[in-house]
Structures are given as structure tokens and as C-alpha cells.
Asks: 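The following block contains the structure, expressed as C-alpha cells.
If you read the sequence from its start, that first residue is 1, and numbering goes on from there.
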Amino acid sequence: RTVIYRQLRESEQAGQQLTASYRAVYRGLMDEAYLTSLQEDHWVEILQASMERGDICLVAVDGDTIVGGAVCGRLELHQ
């Protein structure tokens, strides 16, 4: 199996993967009602805003399926 890392250009599929991962990772650690209330597109707008700020959004791809991701950007302190 080959996993390729590339810069994210389309946020919808990555947002759905992030929602599924968030639910799986935080199950038992966060309120279950909150986790199940997350819509599939919860992270899409957040990822789009991040990319518009110039953050680097990377995804790990196995074939056509996004299997992971990371967002890197400069810390902005609000005063």
C-alpha cells in the first residue's frame, strides 16, 4: 500500500474524513452527544478559512481516499 501526501486543494472530502476521525479518537473522552451531533461537513468551512489565510493543509491519500491530514500555519496572537 502506498500513501501519498499532498497539499489540500478541495476541503469537502478532507472535512468528512476529519469529522470521522474526530469522532473515533475522542469517543469516550468527550461528550457522546456532542460527537454524534457533528455534521459531516463540520470542518469544511474551517478548512476553507484556514487555506484562505495561507495555512498549509496536507492530506494523506491511499488511492482516491483521504486517510489523514494535518493543518500547519503561523500562530496569530490576538491582542
Asks: Would you say M51 and I46 are hydrophobically clustered, going by side-chain heavy atoms of ILVMFWY under 4.5 Å?
Replies: no

Asks: Quick check: does any side chain N or O of D31 sit under 3.5 Å from a backbone N or O of Y34, one acting as donor and the other as acceptor?
Replies: yes

Asks: As an exercise, state the distance from CD of Q48 to CD of E12, rounded to the nearest 0.5 Å.
Replies: 9.0 Å

Asks: Going by the rule side chain to side chain contact (heavy atoms under 4.5 Å, CB included), which residues pair with V71 if we only count those two or more places apart in sequence or in a different chain?
Replies: L47, S50, D55, C57

Asks: Among pairs that include at least one residue of residues 18-29, which meet side chain to side chain donor-acceptor pair (under 3.5 Å), considering only residues two or more places apart or in two chains?
Replies: Q17-S21, R23-E40, R27-E32

Asks: Over all heavy atoms of both residues, which pair between V67 and V61 is shortest? Give the atoms and the distance, please.
Replies: CG2-N, 4.4 Å

Asks: Spell out, yes or no, whether M30 and L18 are grouped together once hydrophobic residues are joined by side-chain heavy atoms under 4.5 Å, including indirect joins.
Replies: yes

Asks: For residues 43-52, which residue pairs qualify under salt bridge (Lys or Arg N to Asp or Glu O under 4.0 Å), counting only residues two or more places apart or in two chains?
Replies: none

